[in-house]
Every structure is written in structure tokens, then in C-alpha cells.
Visitor: 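My questions all concern the structure below.
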Amino acid sequence: MRSWRAGLTPVAAGLVAVAVIAIGAYLAFFGVPFRGGYELQAVFDDASNVGSRTPVRIAGVDVGRVTGVEAAEEGSTASVVTMEIDDEGLPIHADARIKVRSRIFLEGNFFLDLQPGSPGADELDSGEVIPPAQTAGTVQLDEVLGAIRSDARRDLQTLVRGWGEALSGAPEPGEDADQDPAVRGETAAQSGNDSLEYAPGALRGISVVNQALLGTEPHDLSKLIAGGQKVAAALESRERQLQDLIVNLDVVTGALAAEQGSLRATIASLPPLLDAANPALDSLNRAFPPTRAFAREILPGVRETASTIDAAFPWIRQTRRLVSPAELQGLVGDLQPGVSDLARATDGMVALLPQIDLVSRCLLDVVLPTGDVVIEDPPLTTGVPNYRELFQAMVGLSGESQNFDGNGSYTRFQPGGGAHTVSTGPLPGQGPLFGNAVAPPLGTRPARPPRRPPYNREAPCYRQTPPDLNSARTGAGP
């Protein structure tokens, strides 16, 4: 080694150093030459923030780098960006999307955010191009500020000043009375600086949580991120349904808020319900063995169900013919008018039957018992019920009315001579008529009462007392 150093002149040593520096700079800016791999191109309307060596990321993980940026065509502001994608980032699908994003909040340090597309789409081969419709540039802070109107900029300035005052302004007396005594009287910025004393312990806990988020197996986190990307893509493709879900969730939440009293009472009744549910679940668990035994016993019947259904098909066909329009359907159509009339008649009978019942009760309880009474009228008593006397009187009257003529039906009575004078009393238009009778007249039997017997129209007929036919006064006339 000493001989090699002794033989190396200062000029040669300087040349070697320059060559090493040049090779390192080339590798740093242009990458390893002659390295083959998957190449992807994308057309951007604005790629001014993209340069060589700009990283390409999928879900925050570097999977490649930009190798070149050139104009799409003469006179166009669009640019074609060429990228090399590592094997970890493959495959890339035809519906892939790529956006230019900044790595910090302020300007600078941009990267390409590549969404590899859905698994159902075709895979892109090396050298294929993603069209402008699937690419998007980044929004610069000056563009955001330029798009804000003057009144909005004034409001933004007011917001910034208010934020500054909120951080550096001292609290008013009593304003922080409910705060921890250690920070009373301090500004928000001072309290934030005090919280840094607890930061090591909190950051240590956050580190433990982050370590747990890495999972227990390799690629757990990358799989979680990939799954989250698929969920986010699915939600993005269902934007309308997601909006409806949020609106409906708002409606449901409002309804629950309106019924918070009932909901509170329901939640309060849950512990007794759960206490009562445990015995019920125990009983249900005890019922499972008989249920399983029943299921085993019913299996043969279930196996015969198919053949039973097949055997029922002929009966079903006959039943369908029976209920066809030529059979029962036609009969039902013919009977429908009669059914309507019968329904109306039934409605009328609802009002008629109570009246018929009243008439029937009147006949059974009053009229028929009265007709069966034997009228005691010596010496004219016949000893038969009075309804028979009525029909016998009709027969006798018919026998006494044989001397009719063509002028109409009438009955003539010719009294004989005697010592007793009979007068009809005054008659309209001709005065009284007189005659002689052999025996004194018996008078009216029974005697005509001076006034009409009382009749109660408010009580039903069957509830009224039957008349006493033998209570009337009888005797000779005047």
C-alpha cells in the first residue's frame, strides 16, 4: 500500500478524486444507468412542479421516480412525464389516477401520488400512457389566494389576527376560572409551551401505538393501507349513495334527538330487561334438545315433501280448471248481482226483524190469550173461546143476509109487534125511528163504555196487560 501511495502523483490523485465526484453526482441526479424496468408515462396539463428524480408514491410509500419531463407537442402547455415504477408498485391498471401533491404545507417538495386503479380493470404494459383526464396538478398557495376575493381576503386577515390574539392574548379576569391552577393567567401560547413538559410521555405512548399499528406480520400495515384505499375508492364511486346516507343519518339523528326523553327511559329499562332475558335465554337453551329431536323426527316428512308436491299437481290442475272463468268464476259473476240484492235485503231485514219480533210477541202474549177467553154473558154464554164465537157470528150473519138485491148487500131486520116500543134515537136527516118488540130489549152486551179504554202508545204491546173481557158491565138497555 505504501508503494502504491508513493507511486501516485498529486495530479493523478486529483484526477481520481474529480472522477469519483463526477460519478457520484451523475448517480445522484440521473440514477443508475442501463437499469431496465417498468416505465409509465402520464400527460399533465401543468407539470411545472415536477422534475427529474421527483418521487412516485402509492399510499405514501415510494414505488418509483420521475426520469424525464418533456412537452407533449408543439404549441401545447401539456407535458409528458416519464416514470420508472418498482416491482412493489405493480400492477398499474387502465383506470389508474395520478396527482401532483406537495410534501409540506407550503410550496416545494412535490411528489406524484399514484392510485394504481381497480383490480377489475386491464393492466397497463410498460411504456403505456395515462391520459390527461386521469391526471391532476397541484394547487399553489398563490393560486388559492388569487382566487379569494378582496372581502374574503379581509376576512382571512381578520381570522389570522384573531388567531394571533387567541394565542398571545391574556385571559380576562374570571375567564379561566375553570382551568387548571397551573395555567391560570397564562396565554394560550404559554400554556402550549407548558404542555411540552408532558410531551415525552405522550410521545412515548404514541410511539407504542404506532408500533402496534405496524401489525404482527410483515406487510400488515401495507395491507391495511391498501384495504383503506379500496374502501375509499368504493366510497368515492358511490358519492351519491354516501350523500344520501349522511342525509338519512342526519334525519335519524334528529328523530332520536327529538325522542331523547323516550330513548332515555328505554335505556333505563334495559337493565331489568336484560335481567329478565337471562332466564328466558336459559329456557330457550333447554328447549334446544327437544327442538333438535323434533327436527330429526321431521326429516322423513321433509324428504317426502317433494313427492307429495308431485302428487298434488294433478289436483292443482283440476282445481285451476274448477276456478276458471267457464266454471266457478263465471258462476260467481252470475251470482254477484244477486249477492248485492241479498246484501241490501239483509240490511233491510236488520230493521224489519225487530218489528216482526214485536208483532210476534204481541200475538203470543196478548192477542192469542185474549182470543182464547170464554165470555160469560148469561143467558147468551156459548162456552167456547171468543175467537170461535166471532167466526160463528160471521156464519150466522151470512145466513141472515140472504135477502139481497142488485142494489148492493145489506141486512134487513123486521121487528114484530108487541107492547114494548123501541126507538133508534135521532137519525141524520130523518129523525128517530120507532118499532114494537114482543120482549124488552136486552141492550148493549157488553154495555158501551162512556169513553174509550186507555191505550199506552209508549210501551210495547207484549208488555201491556191483556184486556179482561168479562169485566164489562152487561144488562138491559134503557
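Side-chain atoms are counted along with the backbone in the values below, which use heavy atoms only and exclude waters and symmetry mates. Numbers for residues simply follow the sequence, beginning at 1.
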Visitor: Would you compute the distance between atom OG1 of T291 and atom CG of L284 and round it to the nearest 0.5 angstrom?
Guide: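 It comes to 7.5 Å.
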Visitor: Any chance you could lay out the side chain to side chain contact (heavy atoms under 4.5 Å, CB included) test for V366 and C461, step after step, and finish with the verdict?
Guide: CA-CA 7 Å; V366 178; C461 171; 4.3 Å; yes
Visitor: Could you check if a side-chain atom of V247 sits within less than 4.5 angstrom of a side-chain atom of D250, using non-hydrogen atoms only?
Guide: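 No, their side chains stay 4.5 Å or more apart.
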Visitor: State, yes or no, whether a side-chain contact exists between D194 and E186 at a heavy-atom distance under 4.5 Å.
Guide: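 The answer is yes; the side chains approach within 4.5 Å.
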Visitor: Compare every heavy atom of P272 with every heavy atom of A268, then report the nearest pair and how far apart it is.
Guide: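 That would be O-CD, 3.8 Å.
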Visitor: Can you find a heavy atom in the side chain of D95 that is under 4.5 Å from one in the side chain of S118?
Guide: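 Yes; the side chains approach each other to less than 4.5 Å.
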Visitor: State whether the number of non-hydrogen atoms from other residues, nucleotides or ligands found under 6.0 Å of Q229 atom CD is greater than 12.
Guide: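 Count over threshold, so yes.
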Visitor: Please say which of V359, L352, L358 ends up in a side chain to side chain contact (heavy atoms under 4.5 Å, CB included) with I356.
Guide: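 Result: among V359, L352, L358, L352 is the only option passing the side chain to side chain contact (heavy atoms under 4.5 Å, CB included) with I356.
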Visitor: Classify the side-chain pair S207/R204 by whether it contains a donor and acceptor separated by less than 3.5 Å.
Guide: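 Distance-only check fails for S207 and R204.
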Visitor: Can a salt bridge be assigned to the pair R101 and D113 using a cut-off of 4.0 Å between side-chain N and carboxylate O?
Guide: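 Salt bridge flag = yes for D113 with R101.
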Visitor: Is it the case that the side chain of D62 and the backbone of P55 share a donor-acceptor pair, with hydrogens and angles ignored and the cut-off at 3.5 Å?
Guide: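 No; zero donor-acceptor contacts below 3.5 Å.
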Visitor: Which pair of non-hydrogen atoms, one from D372 and one from Y387, has the smallest distance, and what is that distance?
Guide: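 For D372 and Y387, the tightest heavy-atom pair comes out as OD1-CE2, 3.6 Å.
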Visitor: Looking at Q134 and P131, would you say the former's side chain and the latter's main chain have a donor-acceptor pair under 3.5 Å?
Guide: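 No, Q134 side chain to P131 backbone: no donor-acceptor pair under 3.5 Å.
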Visitor: Distance check, rounded to the nearest 0.5 Å: S126 atom OG versus E39 atom CD?
Guide: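 Separation between the atoms: 6.0 Å.
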Visitor: Could you please spell out the steps behind the side chain to side chain contact (heavy atoms under 4.5 Å, CB included) verdict for R65 and D86?
Guide: CA-CA 9 Å; R65 65 209 54 79; D86 299 335; 3.7 Å; yes
Visitor: Run the salt-bridge test on D244 and R238 with the 4.0 Å N-O cut-off and return the result as yes or no.
Guide: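 The answer is no: the pair does not qualify as a salt bridge.
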Visitor: Can you list everything that forms a salt bridge (charged side-chain N to carboxylate O under 4.0 Å, His left out) with D341? Sequence neighbours excluded, please.
Guide: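 Counting only residues at least two positions away or on another chain, D341 forms a salt bridge (charged side-chain N to carboxylate O under 4.0 Å, His left out) with R344.
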Visitor: Keeping the roles fixed (side chain from H93, backbone from P116), state whether a donor-acceptor pair exists under 3.5 Å.
Guide: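 No, the answer is negative, given that no donor and acceptor are paired below the 3.5 Å cut-off.
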Visitor: Quick one: CG on N210 to CG on L203, what's the gap to the nearest 0.5 Å?
Guide: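 Answer for the CG-CG pair, N210 versus L203, is 10.0 Å.
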Visitor: When rounded to the nearest 0.5 angstrom, what is the spacing between CD in E327 and CG in L322?
Guide: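 The distance works out to 6.5 Å.
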Visitor: Please determine whether a side-chain nitrogen of the Lys or Arg among D357 and R361 lies less than 4.0 Å from a carboxylate oxygen of the Asp or Glu.
Guide: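 Salt bridge flag = yes for R361 with D357.
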Visitor: Treating N386 as the side-chain partner and G371 as the backbone partner, does any N or O pair qualify as donor plus acceptor under 3.5 Å?
Guide: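 Yes; at least one donor-acceptor contact below 3.5 Å.
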Visitor: If you measure from OG1 on T135 to CG on L114, what distance do you get to the nearest 0.5 Å?
Guide: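 That separation rounds to 11.5 Å.
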Visitor: Identify which one of I98, V69, V50 satisfies the side chain to side chain contact (heavy atoms under 4.5 Å, CB included) criterion when paired with F44.
Guide: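 Of the listed options, the one satisfying the test is I98.
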Visitor: Starting from the C-alpha separation in whole Å, work towards a yes-or-no answer on side chain to side chain contact (heavy atoms under 4.5 Å, CB included) for N248 and L245.
Guide: CA-CA 5 Å; N248 294 333; L245 174 63; 5.6 Å; no
Visitor: Kindly give the heavy-atom pair with the smallest separation between L368 and L364, and that separation in Å.
Guide: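 Taking every non-hydrogen atom into account, CD1-CD2, 4.2 Å.
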Visitor: Report the distance from atom CD1 of I267 to atom OG of S262, rounding to the nearest 0.5 Å.
Guide: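 OG of S262 is found 11.0 Å from CD1 of I267.
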Visitor: For the residue pair P385 and V373, establish whether any side-chain heavy-atom pair is separated by less than 4.5 Å.
Guide: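 Counting from C-beta outward, P385 and V373 never come under 4.5 Å.
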Visitor: Take atom CD in Q336; do more than 12 heavy atoms of anything else shown fall under 6.0 Å from it?
Guide: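 At most 12 heavy atoms, drawn from other residues, nucleotides or ligands, come within 6.0 Å of this atom.
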Visitor: Hey, are the side chains of V43 and I130 touching, using non-hydrogen atoms and a 4.5 Å cut-off?
Guide: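 V43 does not reach I130 side chain to side chain.
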Visitor: Would you mind telling me which of L124, I58, I85 makes a side chain to side chain contact (heavy atoms under 4.5 Å, CB included) with L90?
Guide: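 The single option meeting the side chain to side chain contact (heavy atoms under 4.5 Å, CB included) with L90 is I85.
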Visitor: How far apart are the closest heavy atoms of D125 and Y38, and which atoms are they?
Guide: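 Closest approach of D125 to Y38, heavy atoms only: O-OH, 3.5 Å.
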Visitor: Looking at every heavy atom in both A72 and V80, which two are closest together, and how far apart are they?
Guide: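 Minimum heavy-atom separation between A72 and V80: CA-CG2, 3.8 Å.
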Visitor: If I compare all heavy atoms of T187 with all of S168, which pair ends up nearest, and what's the gap?
Guide: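 Reported closest heavy-atom pair: CG2-O, 3.3 Å.
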